[in-house]
Amino acid sequence: MSGKIPGTEPLTIDAIAAAVRAHPGLRAKAPIGLVADVFGGSDWEAGPGDDGAVVELGAGPVAAAGPRSTAEAASPGATVVVGGEALLPAFVAADPFAAGVAAMLTNVNDLAAMGAEPLALVDTIVASESVARRALEGLRHASELYRVPVVGGHLTIHDGPPALSAFGLGRATPGRVLSVRHAAPGQSLILAGCIEGVMRPDFPFFGSFDARNGELAGDVRILAGLAADGAAVAAKDVSMAGVLGSLGMLLECHRLGVTVDLDALPRPAGVALVDWLSCFPCLSFLICTLPGREEDCAAPFHDRGLAAEVIGTLDDSGLLRISAGGATATVLDVRTEPVTGLPPA
């Protein structure tokens, strides 16, 4: 079924679905399946799977072998989440300051989506002195913005193409991690985050730094509270794959489906729908909650002046569909075309 969507750019819903399917950020996730080819499958929570891996401290060789700083960051029996991100070399070369900020942002958002409070970050930089300096300045700025210390890392001064990676550590409530493996049919799907900001002219990134500024530190810690309270059971941050691509990554663990109501989708004013669906927002999360707890999930975002709306209900169809203005279209069938290629849980 197809049709025009009232109040948006003149694209049919089928055209929007096709644009999302062709989105380079979504297609770039396919090679992740290589990790499972080499290391084998796991439970998604411990990896490969979620954007952060869960490590239980205080039992067995993990705690004994762990670095002293990690052991001190969480008491015996604690749950920590670790993750890492590599920045595109061309982006590092073009805007090293923004790349430094992004190194922090991506890690903090990944930890938040797991229901973890971010504790610390380490980085690795291989670049010329001028690029390395600006990248470090970006990291320092983001560290102050998110109140997450950069506690160490590695630096190599090199005149070739630059490389920047960062690795985050967070603390979660034991037994309350927001892994995508906890998503199930019947749960409500919420999109929450900031819809104030501006789109970069050279890169599909929607920045909310000026709009939120010092509020971001508290914003990204909302999900840790939702996890501890049990209001949320699973989550995924919206990243380079865009809203629907990131949602596909959430669904593919159990090959679930959902019909996303685009009419209910929180969206910035002045940003075309297809652009919003394909961009990397500074602060945006897909959250799964049990029926009856939708307001418990949305209220903390609303209290901080952020958006949060129910946009669908998970089902067992395996189909990621969109609907608006009486029209519907299928974006992905995660049973036959998973986003990452990782095996189901």
Side-chain angles (χ1 to χ4, degrees), residues 51-52 69 73 81-114 116-158 161-171 193-224 237-240 268 279-285 301 304-306:
D51 287 337
S69 60
V81 179
V82 294
E85 293 284 347
L87 280 296
L88 188 68
F91 180 41
V92 180
D95 195 341
F97 182 89
V101 173
M104 173 67 74
L105 176 152
T106 51
N107 273 282
V108 168
N109 283 358
D110 283 349
L111 293 172
M114 298 290 290
E117 175 192 2
L119 297 177
L121 191 91
V122 296
D123 65 84
T124 62
I125 300 175
V126 179
S128 66
E129 182 173 352
S130 61
V131 170
R133 180 178 296 277
R134 284 298 285 164
L136 287 168
E137 289 172 349
L139 277 163
R140 183 185 64 187
H141 174 71
S143 174
E144 295 168 353
L145 203 61
Y146 286 98
R147 298 201 301 271
V148 177
V150 177
V151 297
H154 171 83
L155 172 64
T156 295
I157 298 302
H158 165 70
L164 169 60
S165 298
F167 310 90
L169 172 70
R171 174 175 51 212
C194 185
I195 55 174
E196 297 176 82
V198 294
M199 194 78 76
R200 276 186 71 118
D202 60 340
F203 190 74
F205 177 79
F206 183 79
S208 299
F209 301 111
D210 291 339
R212 298 303 293 173
N213 200 4
E215 297 296 323
L216 282 170
D219 295 343
V220 297
R221 287 166 169 84
I222 292 175
L223 282 94
D237 69 304
V238 178
S239 59
M240 281 301 300
C279 79
F280 183 164
C282 173
L283 184 81
S284 186
F285 298 93
F301 290 96
R304 295 184 64 84
L306 299 168

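Count residues from 1 along the sequence. Since we're looking at a predicted model, the values are computed, not measured.
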Which atom of [X] lies closest to which atom of [Y], heavy atoms considered:
X      : Y      : result
Ala142 : Val101 : CB-CA, 3.9 Å
Pro118 : Arg221 : O-NH2, 3.7 Å
Gly305 : Arg212 : O-NH1, 4.3 Å
Ala166 : Asn107 : O-ND2, 3.2 Å
Gly100 : Leu139 : O-CD2, 3.4 Å
Ala113 : Asp237 : CB-N, 3.5 Å

Is any side-chain heavy atom of [X] less than 4.5 Å from a side-chain heavy atom of [Y]?
X      : Y      : answer
Asp95  : Arg200 : yes
Leu145 : Asn213 : yes
Phe301 : Leu223 : yes

### Query
Which is it for Cys282 and Leu105 under the side-chain contact (heavy atoms from CB on, under 4.5 Å) test, yes or no, and what are the steps along the way?
CA-CA 8 Å; Cys282 173; Leu105 176 152; 3.7 Å; yes
### Query
Heavy-atom count around Asp210 CG within 6.0 Å, excluding the residue itself: above 12?
no
### Query
Is atom CD of Glu129 surrounded by more than 12 heavy atoms (other residues, nucleotides or ligands) closer than 6.0 Å?
no
Mind checking the [atom1]-[atom2] spacing from [X] to [Y]? Nearest 0.5 Å is all I need.
X      : Y      : atom1 : atom2 : value
His141 : Leu136 : NE2   : CG    : 14.5 Å
Arg134 : Leu164 : CZ    : CG    : 13.5 Å
Leu216 : Met104 : CG    : CE    : 12.0 Å
Asp51  : Leu111 : CG    : CG    : 9.5 Å
Phe285 : Asp219 : CZ    : CG    : 9.0 Å
His154 : Ser165 : NE2   : OG    : 11.0 Å

### Task
Show your working on side-chain contact (heavy atoms from CB on, under 4.5 Å) between Val148 and Val220 and close with a plain yes or no.
CA-CA 11 Å; Val148 177; Val220 297; over 6 Å; no
### Query
Is the backbone N or O of His158 less than 3.5 Å from a side-chain atom of Ser128, with the two atoms forming a donor-acceptor pair by type?
no
### Message
Below 30° counts as parallel, above 60° as perpendicular, anything between as tilted: where do the rings of Phe205 and Phe280 land?
### Response
perpendicular
